[in-house]
Amino acid sequence: MALTGRDKVRLGGRRAVGLLAAGTAAVLALAAGGSVSQAADTTKTGATQSNATAEAAAVQAKKPKPTHTQIQLLALNDFHGNLEPATGSGGNINGIPAGGAAYLATHLKDLRAAAKAKGQDSVTVAAGDLIGASPLLSAAFHDEPTIEAMNGMGLEVASVGNHEFDEGWHELLRMQTGGCLPDGDGQNNQNSCPDPAHPFTGAKFKYLSANVFFTNTQKTLFAPYTIKTFADGQKVGFIGMTLENTPNIVTKSGVEGLTFKDEVETANALVPVLKKKGVQSIVVLLHEGGFPADPKAYNSCPGISGPIMDINANLDPAIDAIVSGHTHQAYNCSLPDKAGKPRLVTSASSFGRLVTEVRLSIDNATGDVDRVNTLANNQIVTQDVVQDRKTADLIAKYKTLVAPIESKVIGHITTPSVVRTNDDSLESPLGNLIADAQLADPSVVSGGAAPVAAFMNPGGIRADLASNNGEVTFGQAFTVQPFNNFLVSMDMTGAQIKTLLEQQFSGLNGPEAAKYKVLQVAGITYTWNPAAAAGSKIVAGSIKIGGQPLVDATSYRIVTNNFLSDGGDGFPAFTTATNKVFGGLDIDAFASYLTAHDPYTPVATDRISIGS
């Protein structure tokens, strides 16, 4: 165990008491001239045996009761459907290969077995984004394989993350309850319930979301909390918390009719509710997180910053631990609560590369967590263990089912890859390719009016476009754009486009340079000034569409994805556009463009420039 308390063996624990009892029995047996063996001593008379039984009962009655109950809590977050180990930097921890559902399942089983050997109960929880933004192996089947894998791993409770809403809240409810979608048996490269003999039955674990309400009824989308009672009678309450900012970073239609409330206010209001039910030990599963100063220090908490700091500082001191996520960072912290007492705050990176093991030490006299003796350890999900057979079989089944979709060659590139790495202006070769594909997509042409400019959010570009000796498959293209967003064409005036471009450096996206979010573009060029104030960074007169200067009063037909169209990523200017027309999926436009421009050669990054 690491960092968050004293690693102290209590003689009041169940294992220690068991050892003490065993030692006492041995001493009594030897003192009476008997054997330590558990075999019956046939030389003893009935009276002698009766006396020995009475003495043992007396010793048992005098034995001190355990002062604490030790409970193992295993936690993960931001799995994002990574059934197979991720590639590149997302597939290791500090250079150690890590992740993969079959390895994760084995590690969880081994950790539980070790706890059981110590006489400890165990519970496995998650802090959101188990699904969404998933690799094709999971996404091609609407993330049903990931839910099935989590069922097999013994997950019991999970908070809802923002990516759980990627296909909308109706689909999220199906993830919980089961059922199949009538999606045309693979239409649009997705296929719900591909094995007719085994329909999707939903999550065996319980989704929690205390701060997401139906706007009309004010009832929560999922249960706000659950209470687990352990073998010693101790109760632990788990509160599930979804990112309050979810409506700003998911498609509007996916959360329509829902209200997302403040995480702190919601959790604090539930404390007295849980206490009335006899719960003193409370854990929040929070889909929000922080940023340690040293991302490699996965088992400590150097210079941590970000939203988790304010949330922890304002949560009720009765909340004993926070299992967090969202930022894909790894940390193991002991942070002071409002009362100045240490509180455990953890996060297990992403993609199943780490699992957090927490030893919750509960004071049997109060039923509350003894924080000094509550410890956490972020453990790497190494690949040097035997893969869990059932999980490996599940993955093999879906790999066979996805192969026809994944392996289809859709085009070629003349370079080993097309990268998303930005130049100084924050423009990238891959961003240009995607924007060009959206601009060329015929599905967004309305009444003969084709878009003249395209805008793509950089956060939606999830990986470089790789190839196999120049061949690009649908699977490789999907890795780049895994969200299945729809393209939307719309009318924006020149003045609205100016406002849009300034929002790249202001509001949610500024004024600090670290927050800048420069859209990838096609059909438009401009210059921005890093030294200028927020709201005035676009150099006057530099914006051109189709090579012609932008005119404030002129209306231009533009195209983007439905996420940005709804004002996502801090771009409310898109919500002021008019005459919106929905087209096809962004991944289909991307794949079709690569096929139509086969082979593709990356173009220069000369659409956005820096100047004054």
Exercise for the section: Taking T246 for its side chain and E244 for its backbone only, find out whether a donor-acceptor pair lies under 3.5 Å. Expected result: no
Practice task
Supply the atom-to-atom distance N373 CG to S361 OG, rounded to the nearest 0.5 angstrom.
Solution key: 5.0 Å
Exercise for the section: Output, in order, the C-alpha distance, side-chain angles, deciding distance and verdict of side chain to side chain contact (heavy atoms under 4.5 Å, CB included) for K261 and Q218. Expected result: CA-CA 11 Å; K261 298 187 178 181; Q218 287 302 298; 2.8 Å; yes
Problem - A133 backbone acceptor or donor facing R462 side chain under 3.5 Å - result: no
Exercise for the section: Check whether any side-chain heavy atom of E288 sits under 4.5 Å from a side-chain heavy atom of L243, and report yes or no. Expected result: yes
Problem - Shortest non-hydrogen separation from D166 to G132 and the atoms involved - result: OD2-CA, 3.5 Å
Exercise for the section: Determine whether more than 12 heavy atoms belonging to other residues, nucleotides or ligands lie under 6.0 Å from atom NZ of K252. Expected result: no
Problem - Distance-only donor-acceptor check, side chains T69 and D232, under 3.5 Å - result: yes
Practice task
Looking only at non-hydrogen atoms, find the nearest pair between T382 and V385 and report the distance.
Solution key: O-CG2, 4.0 Å
Problem - Contact check, side chains of T242 and S159, non-hydrogen atoms, under 4.5 Å - result: no
Practice task
Determine yes or no for a side-chain-to-main-chain donor-acceptor pair under 3.5 angstrom, with D78 supplying the side chain and H328 the backbone.
Solution key: no
Practice task
Decide yes or no on side chain to side chain contact (heavy atoms under 4.5 Å, CB included) for K109 and D388, but give the supporting numbers first.
Solution key: CA-CA 9 Å; K109 284 184 177 180; D388 177 70; 2.5 Å; yes
Handout entry: Exercise: identify the closest heavy-atom pair between P199 and C180
Key = CB-SG, 4.0 Å
Exercise for the section: Would you indicate whether the side-chain heavy atoms of I319 and I282 approach each other to under 4.5 Å? Expected result: yes
Practice task
Determine, stepwise, if the pair F79 / H163 fulfils ring pair (Phe, Tyr, Trp, His ring centres under 6.0 Å).
Solution key: CA-CA 11 Å; F79 185 74; H163 278 287; over 10 Å; no
Practice task
Might you work through the salt bridge (charged side-chain N to carboxylate O under 4.0 Å, His left out) test for R174 and E144, ending with a clear yes or no?
Solution key: CA-CA 10 Å; R174 187 180 75 90; E144 292 165 7; 2.9 Å; yes
Practice task
Could you give me the CA-CA distance, side-chain angles and deciding distance for F222 and V212, then say whether side chain to side chain contact (heavy atoms under 4.5 Å, CB included) is met?
Solution key: CA-CA 8 Å; F222 289 102; V212 181; over 6 Å; no
Completion exercise
Tightest non-hydrogen contact, residues A376 and T346, listed as CB-CG2, 4.0 Å
Practice task
Would you check if the side chain of K206 reaches a backbone N or O of A223 as a donor-acceptor pair within less than 3.5 Å?
Solution key: no
Exercise for the section: Please answer whether the main-chain N or O of L286 pairs with a side-chain N or O of S324 as donor and acceptor at a distance below 3.5 Å. Expected result: no
Exercise for the section: Using only heavy-atom distances, determine whether the side chains of H80 and S138 contain a donor-acceptor pair under 3.5 Å. Expected result: no
Practice task
Evaluate whether atom NZ of K338 has more than 12 neighbouring non-hydrogen atoms of other residues, nucleotides or ligands under 6.0 angstrom away.
Solution key: yes
Exercise for the section: Determine the minimum heavy-atom distance between P145 and F141, stating which atoms define it. Expected result: CD-CB, 3.7 Å
Handout entry: Lys/Arg N to Asp/Glu carboxylate O, K397 vs D393, below 4.0 Å
Key = no
Problem - Side-chain donor or acceptor of N77 paired with backbone N/O of S349 under 3.5 Å - result: yes
Exercise for the section: Take Y103 and Q387 through the test side chain to side chain contact (heavy atoms under 4.5 Å, CB included) and record every step on the way to the result. Expected result: CA-CA 5 Å; Y103 296 113; Q387 296 188 36; 3.2 Å; yes
Fill in the blank from the handout: Sorted by chain and number, sequence neighbours left out, side-chain hydrogen bond (donor to acceptor under 3.5 Å, both in side chains) with E263 holds for none
Practice task
Establish, from distance only, whether the side-chain atoms of N332 and N299 form a donor-acceptor pair under 3.5 Å.
Solution key: yes
Exercise for the section: Would you kindly say whether H107 and Q379 are connected by a side-chain donor-acceptor distance under 3.5 Å? Expected result: no
Exercise for the section: Classify the side-chain pair Q120/Q72 by whether it contains a donor and acceptor separated by less than 3.5 Å. Expected result: no
Handout entry: Residues D337, R371; criterion salt bridge (charged side-chain N to carboxylate O under 4.0 Å, His left out); working and verdict
Key = CA-CA 12 Å; D337 63 17; R371 297 191 190 180; 2.7 Å; yes
Problem - From N94 atom CG to I380 atom CD1, the distance as rounded to the nearest 0.5 Å - result: 6.5 Å
Problem - Spacing of OH belonging to Y225 relative to CG belonging to L270, to within rounding of 0.5 Å - result: 7.5 Å
Problem - Sidechain-backbone polar pair: N162 side chain, D129 backbone, donor-acceptor under 3.5 Å - result: no
Problem - Backbone N/O of I93 and side chain of Y298: donor-acceptor pair under 3.5 Å - result: no
Completion exercise
Correct closest heavy-atom pair for I304 and I308 would be CD1-CG2, 4.0 Å
Practice task
Taking the side chain as every heavy atom from C-beta outward, state whether F205 and T124 have any pair of such atoms under 4.5 Å apart.
Solution key: no
Handout entry: Interatomic distance, S209 atom OG to N211 atom CG [nearest 0.5 angstrom]
Key = 5.0 Å
Handout entry: Side-chain touch F260/V255, heavy atoms, less than 4.5 angstrom
Key = yes
Practice task
Kindly indicate whether a cation-pi arrangement holds for K228 with F238, taking the cut-offs as under 6.0 Å to the six-membered ring centre and within 45° of the axis.
Solution key: no
Handout entry: Check: G99 main-chain N/O paired with R353 side-chain donor or acceptor under 3.5 Å
Key = no
Handout entry: ring pair (Phe, Tyr, Trp, His ring centres under 6.0 Å) against H326, all qualifying residues, sequence neighbours excluded
Key = H287
Practice task
Not counting sequence neighbours, which residues clear salt bridge (charged side-chain N to carboxylate O under 4.0 Å, His left out) with D143? List them please.
Solution key: none
Practice task
Could you tell me whether the side chain of L221 reaches within less than 4.5 Å of the side chain of F165, counting heavy atoms only?
Solution key: yes
Problem - Separation between CE of M309 and CD1 of I311, rounded to the nearest 0.5 Å - result: 11.0 Å
Exercise for the section: Verify, without hydrogens or angle tests, whether E357 (side chain) and L74 (backbone) share a donor-acceptor contact under 3.5 angstrom. Expected result: no
Handout entry: Heavy-atom check, side chain of I131 versus side chain of E164, under 4.5 Å
Key = yes
Problem - Side chain to side chain, V358 and L344, heavy atoms closer than 4.5 Å - result: yes
Exercise for the section: Could you grab the distance from atom CG of L130 to atom OG1 of T146, nearest 0.5 Å is fine? Expected result: 8.5 Å
